[in-house]
Amino acid sequence: QEHYGGLNGLTITWIGDGNNVLHSIMMSAAKLGMHVRIATPKGFEPDLRITKITERYSEEYGTKLLLTTDPLEAADGANVLVTDTWISMGQEEEKKERLKAFQGYQITMQTAKSAASNWTFLHCLPRKPEEVDDEVFYSPRSLVFQEAENRKWTI
């Protein structure tokens, strides 16, 4: 909102694991008038209960929800590209298989080519290079440090 002046009508795209951070975005985006596009590998989708609630919110608030396994499809037209860790606390033993499953899900400038011309990038940190490359992470499109500062105030 701080960057775009408002959220209504924006498209937020999540590329990565169907985790708690995604669930929070799903539960709030439609209420804020945002379209949600999600790309996760098979087997790493968001919780079905959260998806069903999000579908109801999308209907109620007139927004669109897309779930896919194709990161480029999800990024198409996105104003905001978002990812998070692929290996959360307690999943360290799954690292090798998770990294294999998430091949092709790294956010890069190639991913952003299909995004909207005003795209930005978010990540709640800490970030690992396999999730987003340096070119995107350190680009002027990256709002991760402003995001971190804003998060500090909510804590």
Side-chain angles (χ1 to χ4, degrees), residues 1 3 7 10-32 34-58 63-116 119-139 141-152 154-155:
Q1 183 167 333
H3 179 81
L7 300 175
L10 294 179
T11 298
I12 186 166
T13 291
W14 176 273
I15 298 174
D17 192 16
N19 64 18
N20 61 320
V21 177
L22 172 59
H23 293 154
S24 293
I25 290 170
M26 291 171 72
M27 295 296 291
S28 59
K31 291 180 178 183
L32 299 168
M34 298 180 78
H35 308 291
V36 181
R37 300 173 70 87
I38 300 166
T40 59
K42 280 194 182 296
F44 296 91
E45 297 89 352
D47 185 294
L48 187 56
R49 293 170 297 181
I50 302 295
T51 301
K52 288 189 181 305
I53 293 168
T54 303
E55 287 170 345
R56 283 199 317 267
Y57 288 164
S58 289
T63 60
K64 295 176 186 156
L65 172 65
L66 170 76
L67 288 103
T68 181
T69 58
D70 182 348
L72 294 179
E73 179 185 12
D76 188 40
N79 304 103
V80 184
L81 299 171
V82 189
T83 194
D84 184 26
T85 186
W86 297 343
I87 303 152
S88 295
M89 290 182 293
Q91 297 174 330
E92 294 84 1
E93 291 180 13
E94 303 170 23
K95 182 176 182 174
K96 190 175 181 180
E97 61 202 55
R98 283 178 159 272
L99 290 177
K100 184 177 178 184
F102 284 90
Q103 284 181 357
Y105 282 79
Q106 182 192 47
I107 296 180
T108 65
M109 287 297 183
Q110 184 66 35
T111 313
K113 279 185 180 179
S114 61
W119 70 271
T120 55
F121 174 74
L122 295 174
H123 191 300
C124 65
L125 305 179
R127 159 267 188 172
K128 306 230 177 15
E130 61 265 10
E131 300 153 1
V132 56
D133 71 6
D134 285 351
E135 189 175 12
V136 170
F137 187 79
Y138 292 110
S139 79
R141 304 291 189 126
S142 177
L143 302 177
V144 296
F145 298 112
Q146 294 95 319
E147 178 184 7
E149 190 218 0
N150 287 340
R151 190 171 174 199
K152 176 180 84 171
T154 65
I155 295 169

Partners passing side-chain hydrogen bond (donor to acceptor under 3.5 Å, both in side chains) against Arg98 (at least two apart in sequence or in another chain): Asp17, Glu94

Hits for side-chain contact (heavy atoms from CB on, under 4.5 Å) against Lys100, two or more places apart or cross-chain, chain-then-number order -> none

Test salt bridge (Lys or Arg N to Asp or Glu O under 4.0 Å) applied to Asp47 - qualifying residues, sequence neighbours left out: Arg49

If we ignore hydrogens and angles and just use 3.5 Å, is the side chain of Arg141 paired with the main-chain N or O of Phe121 as donor and acceptor? no

Can you tell me if Glu93 has over 12 outside heavy atoms packed within less than 6.0 Å of its CD? no

What closest approach, in Å, do Ala78 and Ala115 show between heavy atoms, and which atom pair accounts for it? O-CB, 3.4 Å

Test ring pair (Phe, Tyr, Trp, His ring centres under 6.0 Å) applied to Tyr138 - qualifying residues, sequence neighbours left out: none

For Thr85 versus Glu131, what's the shortest heavy-atom pair and its separation? CA-OE2, 3.0 Å

To the nearest 0.5 Å, how far apart are CZ in Arg37 and CD1 in Ile15? 10.0 Å

Quick one: does any side-chain atom of Glu55 pair with a main-chain N or O of Leu65 as donor and acceptor, under 3.5 Å? no

Can you list the residues that meet the salt bridge (Lys or Arg N to Asp or Glu O under 4.0 Å) rule with Arg127, with sequence neighbours excluded? Asp134

Given Leu22 and Phe44, is the side-chain contact (heavy atoms from CB on, under 4.5 Å) satisfied, shown in steps? CA-CA 11 Å; Leu22 172 59; Phe44 296 91; over 6 Å; no

By side-chain hydrogen bond (donor to acceptor under 3.5 Å, both in side chains), Ser58 pairs with (sequence neighbours left out) Thr63

Lys42: partners by side-chain contact (heavy atoms from CB on, under 4.5 Å), with sequence neighbours left out: Glu45, Thr69

Output all residues satisfying side-chain contact (heavy atoms from CB on, under 4.5 Å) with Asn79, sequence neighbours left out; order by chain, then residue number. Tyr4, Leu10, Thr11, Ala116, Asn118

Can you classify the ring geometry of Phe102 versus Tyr105 as parallel (below 30°), tilted (30 to 60°) or perpendicular (above 60°)? perpendicular

Please lay out, stage by stage, how Leu81 and Thr120 fare under the test side-chain contact (heavy atoms from CB on, under 4.5 Å). CA-CA 6 Å; Leu81 299 171; Thr120 55; over 6 Å; no

CG of Leu99 to NZ of Lys128: how many Å apart, nearest 0.5 Å? 10.0 Å

Separation between OG1 of Thr111 and CD of Gln106, rounded to the nearest 0.5 Å: 7.5 Å

Are the side chain of Glu147 and the backbone N or O of His123 linked by a donor-acceptor pair below 3.5 Å? yes

Do the side chains of Asn19 and Trp14 get nearer than 4.5 Å, heavy atoms only? yes

Set of residues satisfying side-chain contact (heavy atoms from CB on, under 4.5 Å) with respect to Arg151, sequence neighbours excluded: Cys124, Thr154, Ile155

Between Thr54 and Thr51, does any side-chain donor sit less than 3.5 Å from a side-chain acceptor? no

Between OG1 of Thr13 and CE of Met34, what distance do you get to the nearest 0.5 Å? 9.0 Å

For a side-chain contact (heavy atoms from CB on, under 4.5 Å) check, start with the C-alpha distance between Glu135 and Thr108, then their side-chain angles and the critical distance, and finish with the verdict. CA-CA 7 Å; Glu135 189 175 12; Thr108 65; over 6 Å; no

Looking at residues at least two apart in the chain, or sitting in another chain, which of them share a side-chain hydrogen bond (donor to acceptor under 3.5 Å, both in side chains) with Thr68? Glu73

So how far is it from Leu143 CG to His3 NE2, rounded to the nearest 0.5 Å? 5.5 Å

Quick one: ring pair (Phe, Tyr, Trp, His ring centres under 6.0 Å) partners of Tyr57, sequence neighbours excluded? none

Please enumerate all residues that pass side-chain hydrogen bond (donor to acceptor under 3.5 Å, both in side chains) together with Asp133, with sequence neighbours excluded. none

